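Below is one structure, written out as structure tokens; comments come after it.
What you see is a predicted model, and the numbers here were worked out from it, not measured in a lab.
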Amino acid sequence: MKFGTVAIIGRSNVGKSTLLNRLLGEKVAIVSNKPQTTRTRILGVAHVPGAQIAFLDTPGLHKPDHLLNRRMVRTTVEALDDADLLYVLMESLHLPGPGDLAAITHVKTAMAKHARPVILVVTKVDAVNKIKLLPVLEAYGRLFPWTEVVPVSAEDGDNIDRLLEVTVAHLPEGEGVYSEDMLTDQSMRTLAAELIREKILAVTEQEVPYSVAVEIEEFVEESKITRIRATILVERDTQKGIVIGKHGERLKLISTQARQDMERVFDMKVFLEVWVKVREDWREDERTLMELGY
């Protein structure tokens, strides 16, 4: 039997959470096309023949502008230091950029403290011509002595079996520490907040996605329905207007789509009530960040 922790790291918006969901076969982390969607470390446990793998999805490595972002980067560095094995994610769509080079610098620092296997996971291969993939792989290969290089598509599952195979091969011997039915450490309350935030990210642009947080005020499970009352926090009155939309149409869309996702993920009926509140500069407020679990 093998067991170990695998930190999934990389710059923002490189597909870490999409990969985690694919590895688990279940949605435990929200995804969007906006950078910095993941704000906390998310544990996902995979149970495969002969091994238990504890995946740690992490916020993207980026230049932090707010206290929230500094905490996000710190969370990633801590996961990187603690893991038995590292997945470093890079996109197949282009040659390494400044964000990719910065991620590798973090890896080198961690490896100087504690050497361990590092797997380069080249993502989004479904979106690139194979003739163009080779020079990208060669460029990444020159940047670091990777233990393994595995191109994958988390979107359609291409080569995920190969990634799991090489991962198990490099895990330490040991019994799993999680129960057989353990999938994630994300509570239903946390997932509810994240699913609402995911819908906001999908329908807003510019500064709004980064200025939004969701607080679950009430979460009550009854025999046939779960009642959830949530507050969307924004930093400015103008952002509040954008989230609500004309005649409340955008907020209604967000609420409806989030409720439908909750009913599918939780496998139960949900009554969802959502409000929008302005809390100025909450991203710089330590107390608010703690209350939100950041």
- request: Check whether any side-chain N or O of Lys2 sits under 3.5 Å from a backbone N or O of Val168 as a donor-acceptor pair, and report yes or no.
  value: yes

task: Answer yes or no: is there an ion pair linking Arg236 with Glu207, defined by an N-O contact shorter than 4.0 Å?
output: no

statement: side chain to side chain donor-acceptor pair (under 3.5 Å) test vs Ser17 passes for just one of Asp57, Thr58, Thr37, namely Asp57

message: For a salt bridge (Lys or Arg N to Asp or Glu O under 4.0 Å) check, start with the C-alpha distance between Lys240 and Asp237, then their side-chain angles and the critical distance, and finish with the verdict.
response: CA-CA 5 Å; Lys240 180 177 179 179; Asp237 282 325; 5.7 Å; no

message: Quick check on Gln257: does its CD atom have over 12 non-hydrogen neighbours (other residues, nucleotides or ligands) under 6.0 Å away?
response: yes

message: Other residues, nucleotides and ligands only: do more than 12 of their heavy atoms fall within 6.0 Å of CD on Glu284?
response: yes

- request: Answer yes or no: is there a donor N or O on one side and an acceptor on the other, between the side chain of Lys16 and the main chain of Ile9, under 3.5 Å?
  value: no

task: Count the heavy atoms of every other residue, nucleotide or ligand shown that sit under 6.0 Å from CD of Gln206, and state whether that count exceeds 12.
output: no

query: Are Ser153 and Asp158 linked by a side-chain donor-acceptor pair shorter than 3.5 Å?
result: no

task: Verify whether one side chain among Thr75 and Tyr294 offers a donor that lies under 3.5 Å from an acceptor in the other.
output: no

message: Looking at Arg279 and Glu235, would you say the former's side chain and the latter's main chain have a donor-acceptor pair under 3.5 Å?
response: no

task: Examine distances only and state if a side-chain atom of Thr226 and a backbone atom of Glu222 form a donor-acceptor pair shorter than 3.5 Å.
output: no

message: Closer than 3.5 angstrom, by distance alone: can the side chain of Arg22 be matched with the main-chain N or O of Ala154 as a donor-acceptor pair?
response: yes

message: Donor-acceptor check, side chain of Ser12 to backbone of His62, threshold 3.5 angstrom: yes or no?
response: no

message: A cation-pi test, strictly: NZ or CZ of Arg189 under 6.0 Å from the centre of the six-membered ring of Phe219 and no more than 45 degrees from its axis. Yes or no?
response: no

query: Stepwise, does the side-chain contact (heavy atoms from CB on, under 4.5 Å) test hold for Arg229 with Ile216?
result: CA-CA 6 Å; Arg229 185 160 53 86; Ile216 301 298; over 6 Å; no

task: Kindly compute the distance separating CD1 (Ile160) from CG (Leu19), expressed to the nearest 0.5 Å.
output: 5.0 Å

field: Thr190 side-chain N/O to Gln186 backbone N/O, donor-acceptor pair under 3.5 Å
entry: no

- request: Look only at the side chain of Glu194 and the backbone of Ile30, and say whether a donor-acceptor pair between them is shorter than 3.5 Å.
  value: no

- request: Ignoring hydrogens and angles, tell me if any N or O in the side chain of Trp282 forms a donor-acceptor pair with the backbone of Ser211 under 3.5 Å.
  value: yes

Residues Lys246, Glu249: salt bridge by 4.0 Å N-O rule: no

query: Run the side chain to side chain donor-acceptor pair (under 3.5 Å) check on Glu217 and Thr231 step by step: do they pass?
result: CA-CA 7 Å; Glu217 308 280 358; Thr231 298; 2.9 Å; yes

field: Side chain proximity check, Phe3 to Ile53, heavy atoms < 4.5 angstrom
entry: no

- prompt: Regarding His114 and Asp81, is there a side-chain donor-to-acceptor distance under 3.5 Å anywhere?
  reply: no

task: Would you indicate whether Met290, at its atom CE, is surrounded by more than 12 heavy atoms from other residues, nucleotides or ligands within a distance under 6.0 Å?
output: no

Glu138, CD: over 12 other non-hydrogen atoms inside 6.0 angstrom: yes

task: For Glu26, enumerate each residue passing the side-chain contact (heavy atoms from CB on, under 4.5 Å) test, keeping only those at least two apart in sequence or located in another chain.
output: Leu183

- prompt: Above 12 or not: heavy atoms from other molecules or residues under 6.0 Å from CD1 of Ile131?
  reply: no

field: Identified side-chain contact (heavy atoms from CB on, under 4.5 Å) partner of Val243 from the options Val274, Leu233, Ile254
entry: Ile254

message: Between Arg283 and Arg71, is the side-chain contact (heavy atoms from CB on, under 4.5 Å) condition met? List the steps.
response: CA-CA 10 Å; Arg283 286 180 290 177; Arg71 289 191 173 201; over 6 Å; no

- prompt: Counting only heavy atoms not in Asp267, do more than 12 sit closer than 6.0 Å to its CG atom?
  reply: no

- prompt: So, Asn159 side chain and Pro151 main chain: donor-acceptor pair closer than 3.5 Å or not?
  reply: yes

message: Considering only residues two or more places apart or on different chains, which pairs with a residue in residues 145-188 satisfy ring-ring contact (aromatic ring centres under 6.0 Å, His included)?
response: Phe144-Trp146

